[in-house]
Amino acid sequence: MKILGEDQKKSLVYNGIDMMDAGYFIYRAEGDEEILYANKALIELYECDGIEDFMELTKGSFMGMVYSEDLDRVKDSIKQQISTGKKIDKVIYRIKTKNKKIKYIEDFGALYTDPDEGLLFGVTIFPGTSELVKPDIDEKIKEKLKNESEDATITIKNHFTGLNVEDKVVLSSISASYNSIHVIDIEADRYKEIRSTELLHSYVGSEGIVSEMFPKIMSIACSPDYLDDMMKFVDMSTLQDRLADTNFIDIDFLGVIKGWTKASFFVTKRNEHNRAVKVLFVTKTLDI
């Protein structure tokens, strides 16, 4: 058996990695998270013309590879997974290519120590699809999703009972922009449906208890990598503090049913202490 020298081994490894269909890169796990290596598939995924073009696009750093709105979540997720002793972390996030296309990918990173370079991450990434991030939801919901056409117009239920004329006019005019609208009474922990898809309506009904509704719907509608962030966003115990100095907050997440979605809270009523007591919770599919 022929014994290869170190240079020959390295050449074989690098040539093999460059032939991979999956993207692969190495970056420093500390400091400015400098990218040390990127294979051909990764450069093509970012629609760059070569390694110099890729380095210019990303500023030569892992931070420049991740879509800006996802960066904090991605870094927190990686840190949490590594702190638990996992050898491989997994995270799903968006990237923005040189041609301004938004894509989401699956990232599998291995933390290791190189004797010369120190602490590094070796990362393999694959283009993501909605199928890769669906949680294990119950069979009835799966069947409804399967039978629901992706191109079909959303079937709407409008519930304006009990609202005054002015509110009806306002909500009617803005409702067409959103997939769902719910009025939430924070202090009473109650919600009422204004607009909803048939699927959402069948699952949570037209009214009920907010603290029971949000965990229930997020567990089936939100992809696993975004579930923790979404549960924090819809946490009623902190919502009034988060709305103390603003009448609007929002978040983007990857939904199981409709893909990238924006969820928002709008303040509609404050009490004598200027605390938000009623809000609209709305969702809207993003075309990205």
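Since this is a predicted model, take the numbers as computed values, not measurements. Residue numbers count from 1 along this sequence.
- Taking a 6.0 Å sphere around CG of D241, one finds it holds more than 12 heavy atoms contributed by other residues, nucleotides or ligands.
- Nearest heavy-atom pair across Y27 and I35 is CB-CA, 3.9 Å.
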Task: Candidate pair K96 and K101, rule side-chain contact (heavy atoms from CB on, under 4.5 Å), full reasoning - done: CA-CA 6 Å; K96 189 173 185 177; K101 293 180 183 177; over 6 Å; no

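- Rounding to the nearest 0.5 Å gives a distance of 14.0 Å between CG of D32 and NZ of K59.
- Between F266 and F248, the ring planes are tilted. Angles from 30° to 60° get that label.
- Of all the heavy atoms in R190 and I209, the pair that sits closest is NH1-CG1, 3.4 Å.
- With values rounded to the nearest 0.5 angstrom, I92 atom CD1 is found 6.0 Å from S223 atom OG.
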TODO: Walk me through it: do L111 and L119 pass the test side-chain contact (heavy atoms from CB on, under 4.5 Å)?
DONE: CA-CA 7 Å; L111 184 66; L119 203 59; 3.7 Å; yes

TODO: Walk me through it: do D107 and K90 pass the test salt bridge (Lys or Arg N to Asp or Glu O under 4.0 Å)?
DONE: CA-CA 6 Å; D107 168 315; K90 175 187 174 182; over 6 Å; no

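- A side chain to side chain contact (heavy atoms under 4.5 Å, CB included) with V279 is found for exactly one of N247, I184, D185, namely I184.
- In this structure, V267 is not a member of the same hydrophobic cluster as V277, with clusters built from ILVMFWY side-chain heavy atoms closer than 4.5 Å.
- Within the 3.5 Å criterion, the main-chain N or O of R94 finds a donor-acceptor partner in the side chain of D70.
- Put simply, the side chain of T238 does not reach to within 4.5 Å of the side chain of K232, judged on heavy atoms.
- When side chains are defined from C-beta on, K278 does not count as touching I186, because their heavy atoms never get closer than 4.5 Å.
- Residue D252 is tested with K284, R73, K262 for a salt bridge (charged side-chain N to carboxylate O under 4.0 Å, His left out); the sole match is K262.
- Considering only heavy atoms from C-beta on, L239 comes within 4.5 Å of F265 through its side chain.
- Without hydrogens or angle criteria, T58 side chain to M65 main chain gives no donor-acceptor distance under 3.5 Å.
- Here the CD1 atom belonging to I125 is positioned 4.5 Å from the CD1 atom belonging to I105, to the nearest 0.5 angstrom.
- In this structure a side-chain-to-backbone donor-acceptor pair under 3.5 Å is present from Q240 to A276.
- Taking both residues in full, the closest heavy atoms of C48 and L57 are given as SG-CD2, 3.7 Å, listed atom of the first, atom of the second, then distance.
- Residues C222 and M230 come closest through the heavy atom pair SG-CG, 3.6 Å.
- Residues L71 and M63 form a side-chain contact, since some pair of their non-hydrogen atoms from C-beta on lies under 4.5 Å apart.
- With a 4.5 Å cut-off on side-chain heavy atoms, I43 and K40 do not count as touching.
- Residue pairs meeting the side-chain hydrogen bond (donor to acceptor under 3.5 Å, both in side chains) criterion with at least one partner in residues 109-124, sequence neighbours excluded, are R28-E117.
- The two residues F214 and M231 come nearest to each other via the heavy atoms O-SD, 4.4 Å.
- For the pair A22 and A41, the tightest heavy-atom approach, listed with the atom from each and the gap, is O-CB, 3.4 Å.
- How far OH of Y24 is from CG of L42: 11.5 Å, rounded to the nearest 0.5 Å.
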TODO: Determine, stepwise, if the pair I95 / Y67 fulfils side-chain contact (heavy atoms from CB on, under 4.5 Å).
DONE: CA-CA 5 Å; I95 65 172; Y67 189 56; 5.7 Å; no

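- For the pair V234/F281, a side-chain contact is recorded, criterion being any heavy-atom separation below 4.5 Å from C-beta on.
- A distance of 10.5 Å separates CG in L227 from CZ in F253, rounded to the nearest 0.5 Å.
- Side chain to side chain, D189 and S211 meet the donor-acceptor criterion of an N or O pair below 3.5 Å.
- Side-chain contact between F121 and I78: present, with at least one pair of heavy atoms (C-beta onward) separated by less than 4.5 Å.
- E187 is not listed as a side-chain neighbour of R275, based on a closest heavy-atom distance of 4.5 Å or more.
- Each of F108, F25, F62 was scored for a side chain to side chain contact (heavy atoms under 4.5 Å, CB included) with V123, with one residue passing: F25.
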TODO: Starting from the C-alpha separation in whole Å, work towards a yes-or-no answer on side-chain hydrogen bond (donor to acceptor under 3.5 Å, both in side chains) for T283 and T261.
DONE: CA-CA 7 Å; T283 63; T261 303; over 6 Å; no

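- Separation of atoms CG (D229) and CE (M218) is listed at 11.5 Å; rounding is to 0.5 Å.
- Residues N99 and T97 bring no donor and acceptor atom of their side chains to less than 3.5 Å of each other.
- Residue K103 qualifies as enclosed at atom NZ: its count of foreign heavy atoms under 6.0 Å is above 12.
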